[in-house]
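Below, chains carry the letters A, B, ... as their sequence lines are ordered, and counting in each starts from 1. Given the structure is predicted, the values throughout are model-derived calculations rather than measurements.
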Amino acid sequence: MDKKTAVYICTGCGIGDALDIEQLKEEGTEDFTIDITRDHPFLCGQEGVDLIKQDIEGEGINTVIIAACSHRVNYDLFNFGQGVIVQRVNLREQVAWSQPAGEEDTQMLAEDNLRIGCSQAKDTELPEPFKAEEEYSKDILVVGGGLAGMTAALETARAGYQAILVEREDRLGGFLGKMKKLITLPYKEVSEPGAEELIKAIEDEPKVKVYTSSTVEKISGGPGLYTVEIKSNGNGVSERVGAVVQATGWVPYDANKLGHLGYGKFKDVVTNVEMEEMAASGKITRPSDGSDAKNVLFIQCAGSRDPEHLPYCSSACCLVSMKQAGYVKEQNPEAVNYILYKDVRTVGQAEDFYRKAQNDGNIFIRGEAANVGEEGGKLFVEADDELLGERVKIEDLDLVVLAVGMVPASKPDTTPRIKAPADAEDADEDGMIEVVPDSGFFANSALNLDYRQGPELPTLKYGFPDSHFICFPYETRRTGVYSAGCIRRPMETAKAIDDAVGAAMKAIQCTEATAEGKAVHPRAGDTTYPEFNMQRCTQCKRCTEECPFGAINEDEEANPLPNPTRCRRCGVCMGACPERIISFKNYSVGMIGNMIKSVHVPEEDEEKPRVLCLICENDALPAVDMAGIKRMKWSPYVRFIPMRCLGSMNLVWIADSLSRGIDGILLLGCRHGDDYQCHFIKGSELAETRLSKVSETLDRLALESERVKFVEVGITDYHKIPAIIDEFMETIDEVGPNPYKGW
Amino acid sequence: MENMVNYDPSFAEEVFRDVDAGDEIKMCMNCGVCAGSCPLREHMDYPPRQIFGLIRAGKREEVLSSKAIMLCTSCYTCVVKCPRNIPVMDVMHGLAHYALKQGYVPRKDTASFGKEFWKQVYRLGRIDEKDLPRRVFFSGGLVEGIKAMLNFMDIGLRLMLHHRMKLLPERKIKGVKSLQKMLDKAEGLGKGGAAA
């Protein structure tokens with residue numbers, strides 16, 4: 001496209017007072033071909049926007065550079081449609097509000113910012129949304145026919161989309177179908193489980209196609225283009241779907257590992273699941289002799305919140321035990337129930353049911369079970385009563401129920417072993433190695449994704465699929481695959497229903513966005529996608545290995561096979577590629593390189609250092625904006641270059657900058673580790689790993705390693721921004737100017 | 001183990017049934033706010049929460065002979081703060097009355113003070129500021145009484161100086177008969193624990 005570029009400088013919000021606008025117009029744009037340069041005192045007002053629109057219509061302007069406020073505000077006002085490239089330059093938060101007015105350094109910062117923006121606009125091309133050759137499907141595959149799966153399928157159908165429900169067993173229902181009663185909202189009384197009604201609703205719904213006694217053999221393709229091979233009653237069936245909801249649920253923790261609580265040793269020690277099945281089948285009896293159970297003791301957290309077994313709380317077992325205590329009382333009003341607990345966790349309104357259980361006369365004992373034994377045909381439990389500070393003994397028990405926690409159904413019993421890579425240190429004699437817990441191989445197969453990075457959803461902790469717990473719960477590390485219900489985290493029925501609805505809606509969104517060639521969360525609506533210049537590929541596999549979403553498959557010769565619909569557009573592949581063959585229409589190694597080159601580096605004797613800050617635009621850049629809004633001050637020598645994700649940082653930029661005389665490079669990215677905040681999961685971690693290899697570059701240039709620094713910044717850390725920058729500037733002061741200046 | 005407590009639900013049932021406000025204990029979730037907010041906590045052998053725990057465990061002897069149940073000064077802090085709206089104070093009073101009725105006297109002086117106080121209110125419809133202490137002081141014998149009187153002489157003289165304590169005996173209130181009727185009826189409403 002032939003570019004006709006206009007620069008608009010807003011002089012409102014204090015920008016006009018801080019800067020010499022005429023000089024900025026001249027200096028900031030002199031290296032570029034700019035057709036029109038204007039300033040306006042109130043660009044985001046109607047008059048200002050109209051001014052731009054007039055130029056677009058009258059003068060044929062198609063590239064608009066707006067030097068005003070942060071790109072995080074007024075983006076709706078400065079949207080001139082598909083055909084116009086809009087480039088924002090920050091003169092407000094990062095210049096006028098955070099630097100002293102009228103100073104030379106402030107002026108130079110503004111000019112550099114405008115140059116960076118002009119350079120970026122010059123290299124930006126209009127994106128063309130990806131369009132696959134095949135037709136896009138908008139059907140949703142739901143794997144798992146329990147409460148969450150059935151709800152997800154039904155909600156999908158009610159929203160007008162076709163759902164395909166695959167259930168391993170011969171009938172729908174899952175654990176819900178095995179329950180006697182249900183305790184759910186509003187948590188006053190138990191109610192009927194309602195599995196039959198739900199199954200009936202599914203059967204009556206023409207938009208739900210049910211496969212029972214079926215498993216998913218293979219899912220290939222990507223969002224919008226998945227081909228699912230289902231083995232149904234021994235026959236192979238193929239379906240095309242747009243997105244997947246995994247609701248494969250949970251299994252109870254293996255009580256055979258709880259021998260210390262008498263399981264397996266005494267017949268009358270049962271799990272809560274066995275208790276529920278017994279209650280549902282009629283009568284609660286002692287398995288040892290078949291007589292009615294009268295005195296029952298429930299051991300809460302049996303194996304849960306225990307580093308030896310399940311380290312987490314399953315959040316539903318407390319309610320379940322209270323419900324089951326109700327069964328016992330219903331059967332025999334004289335019955336005595338003891339509930340031995342560590343903490344009762346009945347969250348929110350569920351507290352009402354706890355009150356009811358107390359009021360019904362169940363005896364709650366706070367403490368931990370120490371021993372379960374048998375005396376004269378009856379069980380006894382010894383426990384450390386936390387309240388009395390003593391060991392107590394509860395005798396004459398007919399039944400002891402272990403409230404075991406939930407384990408994701410995808411978690412295998414043992415850690416699988418695979419053939420170790422040649423350089424692995426902890427491989428065994430046979431050259432085998434334990435699978436890394438958060439790789440896709442570490443899961444029982446339910447999805448069988450045909451992905452180079454593994455057949456299942458990668459997990460983060462305890463075998464649950466990795467997703468962002470608070471910000472984007474249903475998203476997994478596989479675009480288009482959403483997890484719902486107890487496969488995602490342990491939860492009770494009311495929350496599983498919410499989960500299923502949420503995941504179904506996300507799946508629908510995904511099919512719609514994909515069909516338009518748009519990215520899903522977190523770069524929702526982005527129409528660019530990575531393009532590979534395959535002639536120069538060296539089959540190094542870095543992109544296929546590092547993609548956090550497993551978007552890139554590989555052929556036998558290790559050539560990358562990109563799947564644009566699986567892509568979240570983070571640019572991690574672009575940062576990984578040593579040949580720099582991966583680029584986006586509006587984001588590429590060359591573009592950022594040119595932006596860095598557009599920064600004017602003063603001579604050494606001017607004593608004005610230049611520091612480049614490669615900054616993550618998801619968390620760190622908003623933090624800088626917030627610091628500016630709070631009128632915090634920092635060094636005027638820093639130039640911010642926003643990154644889609646710090647994982648897209650390519651080391652060549654660092655080498656280029658340092659060889660041009662830039663004194664230091666600061667990288668601001670998200671927190672990583674188990675409690676990562678990276679929107680692309682691994683981006684900031686990868687950036688730091690890559691940075692550890694930068695020392696070679698620095699050595700080659702004979703430069704000090706202190707010149708490059710990585711800092712983790714959360715969005716709430718805005719108040720630390722000035723200190724981080726000042727500290728780095730001090731370091732740069734100490735190591736002195738870059739000797740490559742002026743070369 | 002030697003001093004292992006055997007859980008025995010029968011005492012809890014007795015408390016639920018026979019003690020005024022006793023069934024409120026069911027709702028206790030052991031948060032300990034009552035103990036944490038009690039101004040007399042440090043003087044108690046068992047804080048209220050532990051009393052409740054002992055009841056659940058069936059430790060009848062420990063509960064009914066504990067000093068704590070008689071130390072409550074009815075400041076209402078625990079009642080205000082209890083997240084489960086348990087009238088902890090009422091439970092403590094209920095237990096104290098029940099203990100006395102069952103022949104336990106965890107704190108002799110508190111018991112005799114309570115007894116005299118109640119008698120006087122019943123007889124006069126009010127408290128006689130000099131008669132009540134006199135009776136309490138001398139309930140333990142002549143020598144004890146004189147010692148206690150000398151101890152409180154300072155306070156007594158000042159009370160008189162400020163006309164807070166009359167030299168002459170207090171008179172009955174008007175309609176004391178009606179009050180007595182009311183008190184008799186109230187007693188009948190309880191679970192029989194209230195000591196007259």
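Residue A:Leu387 comes nearest to B:Gly53 through the heavy atom pair CD2-CA, 3.8 Å, listed as atom of the first residue, atom of the second, then distance.
At a cut-off of 3.5 Å, with distance as the only test, no side-chain donor of B:Tyr7 or A:Asp396 sits close to an acceptor on the other residue.
Note on A:Glu386, A:Arg366, A:Lys393: by heavy-atom pairs under 4.5 Å with chain B, the leading option is A:Lys393. Across A:Val344, A:Asn359, A:Asp385, the residue that shares the most heavy-atom pairs under 4.5 angstrom with chain B is A:Asn359.
Atom OH of B:Tyr122 has more than 12 heavy atoms from other residues, nucleotides or ligands within 6.0 Å. Atom CZ of B:Arg158 sits in a sparse spot, with 12 or fewer heavy atoms from other residues, nucleotides or ligands closer than 6.0 Å. Heavy atoms from other residues, nucleotides or ligands lying under 6.0 Å from OH of A:Tyr462 number more than 12. Annotation for B:His163: atom NE2 does not count as buried by contact number, only 12 or fewer foreign heavy atoms lying within 6.0 Å. More than 12 heavy atoms of other residues, nucleotides or ligands lie within 6.0 Å of CZ in B:Arg126, so this atom counts as buried by the packing criterion. The number of heavy atoms from other shown groups lying within 6.0 Å of CG (A:Asp289) is above 12.
Atom CG of B:Asn6 and atom CZ of A:Phe380 lie 10.0 Å apart (nearest 0.5 Å). Within the model, atoms CZ of B:Arg84 and CD of A:Glu351 stand 4.5 Å from one another, a figure rounded to the nearest 0.5 Å.
Geometrically, B:Arg56 does not engage A:Tyr338 in a cation-pi contact defined by less than 6.0 Å to the ring centre and at most 45° from the axis.
Counting heavy atoms from C-beta outward, A:Tyr354 and B:Met27 have side chains that stay 4.5 Å or more apart. Looking at heavy atoms from C-beta onward, A:Leu388 lies out of side-chain contact with B:Tyr46 at the 4.5 angstrom threshold. Residues B:Lys26 and A:Arg355 fail the side-chain proximity criterion, which asks for heavy atoms closer than 4.5 Å.
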